[in-house]
Amino acid sequence: MSAPRLSSTPLPGIGVRYDLTTRDSRRLSVVAHRDGHRTISAYRRDDPDACDLSVRLTTEETATLIDALMPAHHTPNLLSTTDLGLVAERIELPGSSHWNGRLLGESRIRTDTGASVVAVLRRAEAIPSPTPAFRLAGGDTLIVIGTREGVEAAAEILGRE
């Protein structure tokens with residue numbers, strides 16, 4: 001078995017393609033599109049030019065997959081929420097949301113669900129510990145922590161159009 005190999009190829013006008021050949025000679029590629037999307041492809045072992053699977057991911061889906069593959073939060077010094085019966089979820093606020101332009105406190109998420117919005121991701125910026133006076137915007141991604149039921153209830157509230 002050989003070590004995994006990674007190469008990159010510029011794709012003018014599109015982005016960059018990264019090709020990975022695994023130790024067991026499987027070929028994967030990721031096209032990093034200029035608009036932030038990613039296309040992940042897996043190729044057949046018996047024919048490395050034949051694509052078995054190709055999936056196009058949004059920027060948010062890519063971030064979620066990266067978190068699953070390489071969780072930055074997975075260190076022994078951090079408290080594991082699952083050990084306490086808590087979950088942390090990313091909830092995207094649609095542009096057509098009822099809450100677009102409204103204050104976080106108006107949503108009554110903490111009061112009605114027991115779940116807490118611990119951060120808001122807006123474009124390339126993270127806003128930690130938003131106050132009830134924080135104004136929500138379509139496209140925001142809210143990081144919500146609570147019980148499974150509380151987080152699901154918060155997602156229902158935030159999904160209101």
Side-chain angles (χ1 to χ4, degrees), residues 6 8 10-20 28-43 51-161:
L6 182 68
S8 64
L11 302 173
I14 297 170
V16 177
R17 185 182 75 217
Y18 298 92
D19 292 301
L20 171 71
L28 304 170
S29 72
V30 175
V31 174
H33 298 268
R34 290 174 39 188
D35 66 1
H37 286 82
R38 300 292 187 263
T39 302
I40 300 174
S41 301
Y43 297 87
C51 186
D52 255 351
L53 171 73
S54 186
V55 178
R56 185 172 168 99
L57 302 174
T58 65
T59 303
E60 294 80 17
E61 292 165 337
T62 300
T64 301
L65 181 59
I66 288 168
D67 190 49
L69 293 171
M70 291 288 297
H73 59 273
H74 187 64
T75 66
N77 296 335
L78 293 179
L79 187 60
S80 173
T81 55
T82 54
D83 293 344
L84 302 171
L86 300 174
V87 296
E89 298 261 337
R90 293 175 184 238
I91 302 172
E92 186 171 342
L93 192 68
S96 60
S97 172
H98 167 79
W99 304 107
N100 188 8
R102 295 179 183 249
L103 301 178
L104 176 59
E106 292 178 57
S107 70
R108 297 181 45 88
I109 288 174
R110 187 177 319 184
T111 302
D112 293 347
T113 70
S116 296
V117 176
V118 297
V120 175
L121 308 177
R122 181 175 286 165
R123 294 180 206 89
E125 180 183 8
I127 299 120
S129 304
T131 67
F134 179 82
R135 194 163 302 277
L136 298 168
D140 283 352
T141 299
L142 285 70
I143 308 299
V144 180
I145 293 181
T147 63
R148 166 62 52 206
E149 297 79 19
V151 170
E152 287 175 1
E156 283 184 38
I157 290 169
L158 291 168
R160 180 177 163 201
E161 294 187 17

Could you give the side-chain donor-acceptor pairs of residues 129-142 under 3.5 Å, partners two or more places apart or in another chain?
residue: T131; atom: OG1; partner: A133; partner atom: N; Å: 3.3
residue: R135; atom: NH1; partner: G101; partner atom: O; Å: 2.6
residue: D140; atom: OD1; partner: R122; partner atom: NE; Å: 2.7
residue: D140; atom: OD1; partner: R122; partner atom: NH2; Å: 3.4
residue: D140; atom: OD2; partner: R122; partner atom: NH2; Å: 2.7
residue: D140; atom: OD2; partner: A137; partner atom: N; Å: 2.9

Minimal non-hydrogen separation, T59 against G36, with atom names: OG1-O, 3.3 Å
Who passes side chain to side chain donor-acceptor pair (under 3.5 Å) against T39, sequence neighbours left out? H33
Just jot down the side chain to side chain donor-acceptor pair (under 3.5 Å) partners of E61, sequence neighbours excluded, or say none. T58
Sorted by chain and residue number, the side chain to side chain contact (heavy atoms under 4.5 Å, CB included) partners of E149 (sequence neighbours excluded) come out as T147
Any residue meeting salt bridge (Lys or Arg N to Asp or Glu O under 4.0 Å) with E60, in chain and number order, not counting sequence neighbours: none
Under the rule for side chain to side chain contact (heavy atoms under 4.5 Å, CB included), what residues qualify as partners of R17, not counting sequence neighbours? T9, L11, D19, S29, V31
Not counting sequence neighbours, which residues clear side chain to side chain contact (heavy atoms under 4.5 Å, CB included) with T64? List them please. R90
Just verifying a value: how many Å separate I14 CD1 and H37 NE2, rounded to the nearest 0.5 Å? 14.5 Å
Does any part of the side chain of V120, heavy atoms only, come nearer than 4.5 Å to the side chain of I143, both counted from C-beta? no
Rounded distance (nearest 0.5 Å) linking atom CD1 of I91 with atom CD1 of I157: 9.5 Å
Applying side chain to side chain contact (heavy atoms under 4.5 Å, CB included), run through V151 and L86 and close with a yes or a no. CA-CA 9 Å; V151 170; L86 300 174; over 6 Å; no
Evaluation steps, side chain to side chain contact (heavy atoms under 4.5 Å, CB included), between L53 and I40: CA-CA 8 Å; L53 171 73; I40 300 174; over 6 Å; no
Quick one, Y18 and L28 - any side-chain contact, counting heavy atoms below 4.5 Å? no
Would you compute the distance between atom OG1 of T62 and atom CG of L57 and round it to the nearest 0.5 angstrom? 4.5 Å
With sequence neighbours excluded, residues passing side chain to side chain donor-acceptor pair (under 3.5 Å) with S41: S54
Quick one: which residue pairs count as a salt bridge (charged side-chain N to carboxylate O under 4.0 Å, His left out) with a foot in residues 29-39, not counting sequence neighbours? D35-R56
For V144 versus A115, what's the shortest heavy-atom pair and its separation? CG1-CB, 3.7 Å
So, taking the atom named OH in Y43 and the one named SG in C51, what distance separates them when rounded to the nearest 0.5 Å? 5.0 Å
Any donor and acceptor pair, going by atom type alone, linking the side chain of N100 with main-chain N or O of G95 inside 3.5 Å? yes
For residues 101-120, which residue pairs pass the salt bridge (charged side-chain N to carboxylate O under 4.0 Å, His left out) check, not counting sequence neighbours? R102-E106, R108-D112
